[in-house]
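Everything below concerns the one structure shown next.
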Amino acid sequence: MTSDDLHATIEQVGDRFDLGEYEIDAYLTVLEHGDLTASQIADRTDIPQPRVYDTVRSLSDRGLVELRESRPMKVIAVDPEEAFSGVQSSLMEMVSELEARYTAPARDTEAVSLVKSRSTILRYLEDVIAAAEFEIALSLTPDLLKRFADDLSDAIDAGVSVELLVTPASEAPEPEEFDYLDVATTARARRGITTPVIAVADGEYSIYATQDALRDDEDRYGVIFNRSALGFLVSGFFGTVLWTTAERTLATDGEDRPFPRRYASIRRCVKELQELDGDFYATIEGRDIETGESRVVEGEVVGFSFEGGERVAGMKIRTDDGEVTVGGQVAALEDVEAHEIRIGRNSPPAR
């Protein structure tokens with residue numbers, strides 16, 4: 001198809017579908033009844049009587065109806081398969097030609113991006129939940145909890161650990177009315193509409209948005225950290241500021257999760273292990289805080305530390321080369337900054 005032919009085809013398709021409000025109303029009404037007079041069309045639609053004749057003649061010119069010149073004039077529906085047969089083939093040919101000419105734009109993933117559309121924020125929330133392989137941290141309103149309940153339930157079924165904060169607490173469904181364990185491993189409620197909406201997948205892919213951005217969609221924003229090293233800022237804010245100041249616990253089932261377990265949050269890891277009995281072994285991927293080089297620590301967990309009301313957590317691992325202390329993101333006092341933690345019962349889990 002030449003460029004001129006493609007241009008003509010686009011014009012043909014555009015002309016057939018370029019219907020005004022009156023033409024659409026009249027066409028659908030005639031289709032529904034089979035045939036009508038002009039006055040009957042006026043009675044069944046909001047088209048003014050003087051405009052009906054111009055409207056149906058326009059439909060007739062496009063081959064969508066037939067006009068029977070009688071007294072009164074009859075408007076007769078044309079079978080849509082017949083009326084649109086030419087357009088259908090032209091449209092398919094046009095789409096094929098356009099696809100052949102299409103050059104996909106480069107879409108480099110931004111490490112950090114700012115979004116302002118409510119629909120875009122919701123799409124990213126859904127994407128973060130779907131992307132999680134082993135851990136999700138969430139701060140959601142009750143409405144968002146209901147919206148993403150099925151997605152979270154699927155994540156739980158896939159073995160993903162879900163730490164859920166519902167805010168404001170006054171509007172959170174009561175545990176007797178809502179099965180939190182179907183959508184979360186642990187759930188808490190936090191007071192205040194100022195609590196942001198947050199989702200963090202595996203400690204690195206995250207979104208931060210204000211509740212206002214999802215309520216009125218006016219001059220508000222959301223920030224996306226897509227596989228960015230800065231994503232830990234959202235995770236850290238959730239763990240140290242939001243989670244630790246929750247008003248009440250809605251549900252928890254940490255003891256029921258099988259081993260080995262994977263964690264992005266050392267705070268969550270330490271809290272769960274402290275509540276369990278027995279020996280634990282760890283495989284930790286992170287980096288040396290002195291050199292910045294990647295480092296893997298394997299061995300028996302021989303100590304925990306929890307300071308500042310769950311805000312700062314650490315672990316001590318006995319390895320073949322001696323004891324190693326492990327902290328969370330931006331650790332300064334420990335030997336290793338943990339990025340991903342695997343915990344097993346009898347031996348260090350395989351990576």
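Residues take their numbers from the sequence shown, with the count starting at 1.
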What do you reckon, is [atom1] of [X] surrounded by more than 12 foreign heavy atoms closer than 6.0 Å?
{"X": "Arg68", "atom1": "CZ", "answer": "no"}
{"X": "Glu21", "atom1": "CD", "answer": "no"}
{"X": "Asp182", "atom1": "CG", "answer": "yes"}
{"X": "Asp157", "atom1": "CG", "answer": "yes"}
{"X": "Arg262", "atom1": "CZ", "answer": "yes"}

Whether the side chain of [X] engages the backbone of [Y] through a donor-acceptor N/O pair (distance < 3.5 Å, no angle test) should be reported.
{"X": "Glu135", "Y": "Ser265", "result": "yes"}
{"X": "Arg287", "Y": "Ala338", "result": "no"}
{"X": "Asp202", "Y": "Phe134", "result": "yes"}
{"X": "Ser235", "Y": "Gly203", "result": "no"}
{"X": "Thr291", "Y": "Glu293", "result": "yes"}
{"X": "Thr245", "Y": "Val241", "result": "yes"}
{"X": "Ser305", "Y": "Gly314", "result": "yes"}
{"X": "Arg188", "Y": "Trp243", "result": "yes"}
{"X": "Thr37", "Y": "Met73", "result": "no"}
{"X": "Thr319", "Y": "Asp321", "result": "yes"}

What's the spacing between [X] [atom1] and [Y] [atom2] if we round to 0.5 Å?
{"X": "Leu164", "Y": "Leu250", "atom1": "CG", "atom2": "CG", "result": "7.5 Å"}
{"X": "Arg342", "Y": "Cys269", "atom1": "CZ", "atom2": "SG", "result": "12.5 Å"}
{"X": "Asp179", "Y": "Ser153", "atom1": "CG", "atom2": "OG", "result": "8.5 Å"}

Do the side chains of [X] and [Y] join up, straight or via other hydrophobic residues, at under 4.5 Å, putting them in one cluster?
{"X": "Val324", "Y": "Val302", "result": "no"}
{"X": "Phe237", "Y": "Phe225", "result": "yes"}
{"X": "Ile24", "Y": "Ile41", "result": "yes"}
{"X": "Ile317", "Y": "Phe259", "result": "yes"}

(message) Going by side chain to side chain contact (heavy atoms under 4.5 Å, CB included), Tyr27 matches just one of Asp25, Val30, Leu31, Thr29. Which one?
(response)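 Only one option passes, and that is Leu31.
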(message) Under 6.0 Å from the ring centre and within 45 degrees of the ring axis: does the NZ or CZ of Arg268 meet both conditions for the six-membered ring of Tyr263?
(response)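 Verdict for Tyr263: no cation-pi partner in Arg268.
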If you look at every heavy atom in [X] and [Y], which pair is closest and at what distance?
{"X": "Pro349", "Y": "Tyr281", "value": "CD-O, 3.7 Å"}
{"X": "Pro168", "Y": "Gln211", "value": "CD-OE1, 4.3 Å"}
{"X": "Leu138", "Y": "Phe238", "value": "O-CE1, 3.2 Å"}

(request) Please work out whether the ring planes of Tyr124 and Tyr205 are parallel, tilted or perpendicular, with thresholds of 30° and 60°. (result)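 Rings of Tyr124 and Tyr205: perpendicular, as their planes differ by over 60°.
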(message) Does any part of the side chain of Arg261, heavy atoms only, come nearer than 4.5 Å to the side chain of Glu272, both counted from C-beta?
(response)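 Touching, per the 4.5 Å side-chain cut-off.
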(message) When you compare the side chain of Ile266 with that of Glu337, does any pair of heavy atoms fall below 4.5 Å?
(response)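 When only atoms from C-beta onward are counted, Ile266 and Glu337 do not touch, as no gap falls below 4.5 Å.
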(message) Looking at Glu340 and Arg351, is any side-chain nitrogen of the basic one under 4.0 Å from a carboxylate oxygen of the acidic one?
(response)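 Answer for the salt bridge query: no.
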(message) With a 4.0 Å cut-off on N to O distance, would you call Lys74 and Glu66 a salt bridge?
(response)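 Salt bridge between Lys74 and Glu66, a charged N being under 4.0 Å from a carboxylate O: no.
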